[in-house]
Amino acid sequence: MVFTGAGISTESGIPDFRSPGGIWTKMMPVQFQDYIADPEARRVSWQRRFEMEETWNQVRPNDGHKAVAELVARGIVAAVITQNIDALHQASGVPEDQVIELHGNTRHAKCLTCGARVEIADIRAHFDKHGDAPDCRLCGGIVKTATISFGQAMPEAEMARAERASLAADLCLVAGSSLSVYPAAAFPLLAKRAGAKFAILNREETDQDPYADLVIHGEIGPVLTAAVKAL
Ligand code: NAD
């Protein structure tokens with residue numbers, strides 16, 4: 001299995017959280033509780049989402065995503081567990097049923113009460129006119145991007161799929177994660193405890209380097225491309 005974080009998408013032009021210049025050095029994320037309780041927090045959150053729209057529309061999979069897709073296509077990788085919300089693994093050709101998005105997807109929105117899907121463009125049209133996001137048309141619930149915010153419950157089905165993939169893996173490759181956001185970061189350790197070899201590819205040290213069988217400090221695109229070529 002491959003486990004990816006924000007670092008696999010920096011070469012596509014999406015900043016990660018913790019590198020210098022990363023998103024956290026510029027703004028604190030809106031907590032889930034605040035999103036629910038405070039219309040102003042929702043407004044700020046949507047404003048930020050719309051500011052990212054151009055980026056989300058322009059970004060394309062990079063060499064790192066393509067190398068992972070190649071490993072999936074060759075049948076070497078069975079599951080790609082990702083913390084990313086950018087859907088670039090799917091865009092690089094990994095079939096939907098082999099991608100496990102632990103933190104959801106920012107390409108659409110969902111009603112927090114009934115789960116109905118809502119398109120971002122429709123929310124934006126309402127926001128531009130009224131200055132806030134619309135409530136769910138079906139049940140009146142609060143609508144939010146289909147991502148998992150800090151303080152929000154993890155998605156049950158994806159957690160179960162990630163657990164199964166981790167227990168079944170004979171090798172877990174982590175690419176581009178600081179391995180510091182839990183519970184997501186527990187899956188590579190679960191795989192390791194269940195008998196998998198554990199490899200980490202990251203630009204800088206991670207919290208789990210001491211537990212890995214192989215650690216490569218390097219850039220994901222060039223390193224993974226060379227590794228796949230050598231197989
Ligand atoms: P993180 O920011 O904590 O860690 C990213 C790691 O990748 C860092 O250690 C950094 O050194 C490394 N890195 C960056 N670019 C690299 C490259 N080209 N080659 C090798 N290493 C590189 O990210 P995380 O562990 O995924 O946790 C952050 C949370 O932020 C996640 O929960 C995720 O949902 C969210 N997030 C997602 C995106 C996205 O969807 N692209 C972007 C930012 C944040």
Side-chain angles (χ1 to χ4, degrees), residues 2-32 45 48-49 51-68 80-92 94 99-108 120 144-155 158-159 162 172-189 198-212 214-228:
V2 172
F3 178 97
T4 65
I8 199 169
S9 294
T10 56
E11 291 169 48
S12 293
I14 306 170
D16 62 11
F17 262 8
R18 290 176 184 77
S19 291
I23 293 170
W24 269 6
T25 62
K26 296 186 186 131
M27 53 179 137
M28 287 299 287
V30 174
Q31 301 282 320
F32 185 65
S45 186
R48 287 180 186 175
R49 173 61 184 78
E51 281 165 14
M52 284 291 287
E53 184 65 10
E54 211 173 316
T55 305
W56 294 129
N57 288 338
Q58 280 172 4
V59 288
R60 297 286 173 266
N62 63 53
D63 288 347
H65 297 108
K66 288 176 194 162
V68 171
V80 180
I81 303 177
T82 188
Q83 301 170 89
N84 295 344
I85 56 169
D86 54 33
L88 288 180
H89 285 300
Q90 295 91 318
S92 71
V94 180
V99 181
I100 303 168
E101 293 177 314
L102 292 177
H103 295 161
N105 187 319
T106 193
R107 309 265 179 188
H108 63 274
I120 301 289
K144 180 180 166 295
T145 54
T147 53
I148 305 297
S149 299
F150 288 98
Q152 188 172 358
M154 295 292 284
E158 281 76 6
M159 289 294 282
C172 166
L173 168 65
V174 173
S177 174
S178 59
L179 291 172
S180 60
V181 178
Y182 285 84
F187 288 112
L189 289 175
F198 179 16
I200 296 176
L201 168 56
N202 204 61
R203 189 186 274 164
E204 56 187 14
E205 280 181 15
T206 79
D207 293 354
Q208 294 181 18
D209 284 8
Y211 309 109
L214 174 71
V215 176
I216 299 175
H217 290 148
E219 294 299 300
I220 295 167
V223 173
L224 266 194
T225 304
V228 169

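Remember, it's 1-based here, ligands and their atoms both numbered in the order they're listed. Below, all heavy atoms of this structure are taken into account, side chains as well, without hydrogens, waters or symmetry copies.
Less than 4.0 angstrom separates some heavy atom of Ser9 from each of these atoms of ligand 1: 41 (N). Within the listing of ligand 1, atoms 27 (O) sit less than 4.0 angstrom from a heavy atom of Val181. Atoms of ligand 1 found under 4.0 Å from any heavy atom of Ile14 (numbered from 1 in listed order, with element): 41 (N). Close contacts between ligand 1 and Gly176 involve ligand atoms 5 (C), 6 (C), 7 (O) [criterion: under 4.0 Å to a heavy atom]. Atom numbering of ligand 1 starts at 1 in the shown order; those under 4.0 Å from a heavy atom of Ile220 are 19 (N), 20 (C). Against a heavy-atom cut-off of under 4.0 Å, Thr10 is close to the following atoms of ligand 1: 14 (C), 15 (N), 16 (C), 17 (C), 18 (N). The distance from ligand 1 to the heavy atoms of Gly5 drops below 4.0 Å at these ligand atoms: 26 (O).
The two residues Thr225 and Gly221 make their nearest non-hydrogen contact at OG1-O, 2.6 Å. Nearest heavy atom pair, residue Gln31 against residue Gly151, reads OE1-N, 4.4 Å. Summarising the geometry of Val174 relative to Pro188, their closest heavy-atom pair is CG2-CG, 3.7 Å, with the distance given to 0.1 Å. When every heavy atom of Thr106 is checked against every heavy atom of Ile120, the shortest pair comes out as O-CD1, 4.0 Å. When all heavy atoms are compared, the tightest approach of Pro61 to Lys66 is O-CE, 3.8 Å. Heavy-atom minimum distance, Glu158 versus Ile100: O-CG2, 3.5 Å.
Asn84 has its side chain out of reach of Ile14: every pair of non-hydrogen atoms, C-beta onward, lies at least 4.5 Å apart. Taking 4.5 Å as the limit, every side-chain heavy atom of Ser149 sits out of range of all side-chain heavy atoms of Val30.
Remark: ligand 1 and Ile85 share an N or O pair separated by less than 3.5 Å (distance only, no angle test). Close N/O approach between Asp86 and ligand 1 is found [any backbone or side-chain N/O within under 3.5 Å]. On a distance-only criterion, Asn202 and ligand 1 share at least one N/O pair closer than 3.5 Å. At least one N or O atom of His103, backbone or side chain, sits closer than 3.5 Å to an N or O atom of ligand 1.
Glu101 pairs with exactly one of Gln90, His89, Gln83 by the side-chain hydrogen bond (donor to acceptor under 3.5 Å, both in side chains) rule, that one being Gln90.
Taking only non-hydrogen atoms, the option from Arg203, Glu204, Glu219, Glu101 nearest to atom 21 (N) of ligand 1 is Arg203.
Using 4.0 Å as the threshold, Gly218 has a heavy atom nearer than that to some atom of ligand 1. Residue contacts with ligand 1 include Pro15, since one or more of its heavy atoms lies under 4.0 Å from the ligand.
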